[in-house]
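Worksheet: one structure, shown below.
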Number of protein chains: 2
Amino acid sequence: METDDNQAGEAETGRSARKHKAILEAATEAFLRNGYLGANMDEIATLSGVSKQTVYKHFSSKEALFVEIVTSMTGRAGDAVHAEMPHVEGVEALRRYLVDYAWRQLTVVMTPRLMQLRRLVIAEVPRFPDLARVLYERGPLRAMTMLAAAFERLAARDLLVLDDPMAAASHFNWLVMAEPINRAMLLGDEAIPSPEALRQHAERGVRVFLAAYGAP
Amino acid sequence: METDDNQAGEAETGRSARKHKAILEAATEAFLRNGYLGANMDEIATLSGVSKQTVYKHFSSKEALFVEIVTSMTGRAGDAVHAEMPHVEGVEALRRYLVDYAWRQLTVVMTPRLMQLRRLVIAEVPRFPDLARVLYERGPLRAMTMLAAAFERLAARDLLVLDDPMAAASHFNWLVMAEPINRAMLLGDEAIPSPEALRQHAERGVRVFLAAYGAP
DNA sequence: TGCGAAAAACTAGACGGTCCAGTACTAGAG
DNA sequence: CTCTAGTACTGGACCGTCTAGTTTTTCGCA
């Protein structure tokens, strides 16, 4: 197929595909840093080591490039977290699992790239409402839906006590995520807590959650 | 043309001050709708019924106008909520008061104007980090700080049980605010819940909070 | 398999058209 | 005389197109 000098397990690709990728990366950088209006196509071309003509060969317009980037980033974002809930036996195992899940979710979401993406998408809600809706659905909504299903199973086994699984999932999700996300959204990427701080935060959130929804 | 009928207790102002106000209002509208880069000074001048020269007589630059507007809006925003905690006697009175406070906070914050302001400020975090910091401090941080103080007093009277008042305040704040805010941030202003929905949401949040922090 | 030409992709830069922040200038109202 | 409306203007940014010439890939055919 392609030339087989593949380095470090990276699938080798033709020149065109390589340029395509370079453009995507440069554009991601530019849009995340400068916003939709603030980014300019000349800079993207220069940054990706490609002529402007080539940029327009791969993407029909600035708008199309923007949509492509945001959707691909939101697509990748949520996939890393969803893990099947293992058999938890007993209250203490449940607590440990919830803390672990919360911490995993936090460390995935609380990265500069995803915070910048979130700022970018929020900024463009009036211009690109669909992008924001997709981010919401593939982000918090998906997390909460899966949590709700898991909580329902746990309730059936009397490990949790709840009447509204989705409300419980929302409470769990935001007990854990809201404080650091909203801090970082306004205070910038350097306000992202350290992994240890996130772990402590997760533990406190789970303690509150279990006080409200845990088996007595 | 300029009639001097001061209506509804509005402080009497000269023509210059009136133009000043008109410019501020038009600029607020423009910036909230189109963002910093998307707004343009010609539109602001036209919208406020003033010549462009006059706009620049009152505000030295687009940037200065933007900063002025955002700071004035963030200043007004938080002031409406802070109410002295009355004497609450007993657990049920506390619950009712917390629900009421939560609902008040929600109805103040969950308005299109403030959601738009929040989107605008978040969008401009890289360009105007100070504005975002001020919004954070005068918004969530102030609310949580005041809550923490109130919670500490309640803990001294054994109506709450907590070791870290600020953590408890954060949990309360985000149990109540996070879900609707983050929904509206991404799904747009029409995703702002109705007052009745907000009331129910507040009640559920307070129930969880009291399960974790309420007196046994 | 290897060669060579057509096809496709790419570069560098210029350019048209549009938009916009901020300034300058004139005419007229108070 | 002072302030302002109205408007034209400056200087520059930027999207998307175009041109002319170069490089890479593809593929028929030896």
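Note that the structure is a prediction, hence the values are computed from the model and not measured.
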Rounded off to whole Å, could you give me the CZ-to-C1' distance for the B:F59 and C:dA21 pair? 16 Å
Could you tell me whether B:G38 contacts a base, only the sugar-phosphate backbone, or nothing, with contacts defined as non-hydrogen atoms closer than 4.0 Å? nothing
Between C:dC20 atom C1' and B:Y36 atom OH, what is the distance in whole Å? 12 Å
Taking CZ from A:R18 and C1' from C:dA9, how many angstroms apart are they, rounded to a whole number? 12 Å
N/O (side chain, A:H58) to phosphate O (OP1/OP2, C:dA9) under 4.0 Å: no
Rounding to an integer number of Å, can you tell me how far B:N34 CG sits from C:dC20 C1'? 13 Å
N-O pairing of B:E124 and B:R127 below 4.0 Å: yes
Here the distance between atom P of C:dG22 and atom OH of B:Y56, to the nearest Å, is 4 Å
Among the nucleotides D:dG6, C:dC20, D:dG16, whichever has the atom closest to the side chain of B:N40 is C:dC20
Does A:Q53 get its side chain close enough to the base of C:dA9, under 3.5 Å, for a donor-acceptor pair? no
Counting any heavy atom closer than 4.0 Å, what does B:A45 reach on the DNA or RNA strands: base, sugar-phosphate only, or nothing? nothing
Is the shortest side-chain N to carboxylate O distance from A:E43 to A:R33 below 4.0 Å? yes
When you check the gap from the basic side-chain N to the acidic O, do B:E203 and B:R96 get nearer than 4.0 Å? no
Under a 4.0 Å N-O cut-off, is there an ion pair linking B:R204 with B:E179? no
Parallel, tilted or perpendicular: which fits the ring planes of A:H171 and B:H201, with parallel below 30° and perpendicular above 60°? tilted
Please state how far atom CG in A:D42 lies from atom C1' in D:dG16, giving the value in whole angstrom units. 10 Å
Report the nucleotide, chosen from D:dC15, C:dA21, D:dG6, that has the shortest atom-to-atom distance to any side-chain atom of B:K62. C:dA21
Given atom CD of A:E43 and atom P of D:dC14, what is their separation to the nearest angstrom? 8 Å
For A:T54 and C:dT11, is the shortest distance between a side-chain N/O and OP1 or OP2 below 4.0 Å? yes
Side chain of B:M41: nearest nucleotide among D:dC14, C:dC10, C:dA21? C:dA21
Presence of A:K19 side-chain N/O under 4.0 Å of D:dT24 phosphate oxygens OP1/OP2: no
Hey, which of these two, A:K52 or A:K57, hits DNA chain C nearer its 5' end, going by closest nucleotide? A:K57
